[in-house]
Participant: 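Here it is, the structure, as structure tokens.
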Amino acid sequence: MTKLAVYPGSFDPITNGHLDLIQRGLRIFDTIIVAVAKNPAKQSLFTVEERLEMIRVAVGDKPRVKIDSFQGLLVDYVRSVNARIVLRGLRAVTDFEYEFQMNMMNRRLEPEIETVFLMTGLPWVFLSSSILKEAAVHGGNIEGMVPPYVFKQLKRKFGQE
Ligand code: PNS
């Protein structure tokens, strides 16, 4: 049996913290599906297509990593791809409350699906897509926090080329 995990998120955009988590997740799982949530109610900087493209470029040629998007409930998507495991990263204590609540709800909705948490890599504990965008929009140097292609796309988005 191959161990398949779904790594869901907004990925608006993907950061080096996410990439670190994917890399480490591959030590545990045979295949990881990186799944971008389509949430029309949530204001995003990049379109789903742009986010998928940035993930594709950042992940590169890794046959064990698949990239997809989904709409609606995460547990329905996880079931639809015949997976049983959700992979999530945990930064400092601030993430705990939100992740705890989401995990409890997901388990209530679908008890067969388990969420596995990996601690975020130490260099990235402070990093989130939101704080990154906050720095980038004001011209902060975010080099080294995101893959090079994402760096370019952020500059383009904020008209800083
Ligand atoms: O990167 P994020 O924004 O923290 O990811 C949150 C995400 C996409 C994993 C979460 O919002 C989600 O699973 N959305 C789909 C709808 C859903 O199933 N929500 C949780 C149970 S109500």
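What's counted below: heavy atoms across the whole structure, side chains too, no hydrogens, waters or symmetry copies. Counting starts at 1 for both ligands and their atoms, following the listed order.
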Participant: Check each N or O atom of ligand 1 against all protein N or O atoms and list the pairs under 3.5 Å, with atom names and distances to 0.1 Å, one per line.
Facilitator:
{"unit_1": "ligand 1", "atom_1": "1 (O)", "unit_2": "S10", "atom_2": "N", "d": "2.9"}
{"unit_1": "ligand 1", "atom_1": "3 (O)", "unit_2": "S10", "atom_2": "OG", "d": "2.5"}
{"unit_1": "ligand 1", "atom_1": "3 (O)", "unit_2": "K42", "atom_2": "NZ", "d": "3.1"}
{"unit_1": "ligand 1", "atom_1": "4 (O)", "unit_2": "R88", "atom_2": "NH2", "d": "3.0"}
{"unit_1": "ligand 1", "atom_1": "4 (O)", "unit_2": "Y98", "atom_2": "OH", "d": "3.3"}
{"unit_1": "ligand 1", "atom_1": "5 (O)", "unit_2": "R88", "atom_2": "NH1", "d": "3.3"}
{"unit_1": "ligand 1", "atom_1": "18 (O)", "unit_2": "L74", "atom_2": "N", "d": "2.8"}

Participant: Identify each donor-acceptor pair in which a side-chain atom of residues 31-43 lies under 3.5 Å from a protein atom, sequence neighbours left out, and give them as a table.
Facilitator:
{"unit_1": "N39", "atom_1": "OD1", "unit_2": "A41", "atom_2": "N", "d": "3.1"}
{"unit_1": "K42", "atom_1": "NZ", "unit_2": "S10", "atom_2": "OG", "d": "3.2"}

Participant: Determine the minimum heavy-atom distance between G9 and R88, stating which atoms define it.
Facilitator: CA-NH1, 4.0 Å
Participant: Consider side-chain contact (heavy atoms from CB on, under 4.5 Å). Of D68, L19, I67, which one does I55 pass it with?
Facilitator: I67
Participant: Does anything in residues 131-155 pair up under ring pair (Phe, Tyr, Trp, His ring centres under 6.0 Å), and if so which pairs, sequence neighbours excluded?
Facilitator: none
Participant: May I have the step-by-step check of side-chain hydrogen bond (donor to acceptor under 3.5 Å, both in side chains) for T115 and N103, ending in yes or no?
Facilitator: CA-CA 7 Å; T115 304; N103 175 249; 3.1 Å; yes
Participant: I'd like to check the salt bridge (charged side-chain N to carboxylate O under 4.0 Å, His left out) partners of R64; sequence neighbours left out, ordered by chain and number.
Facilitator: none
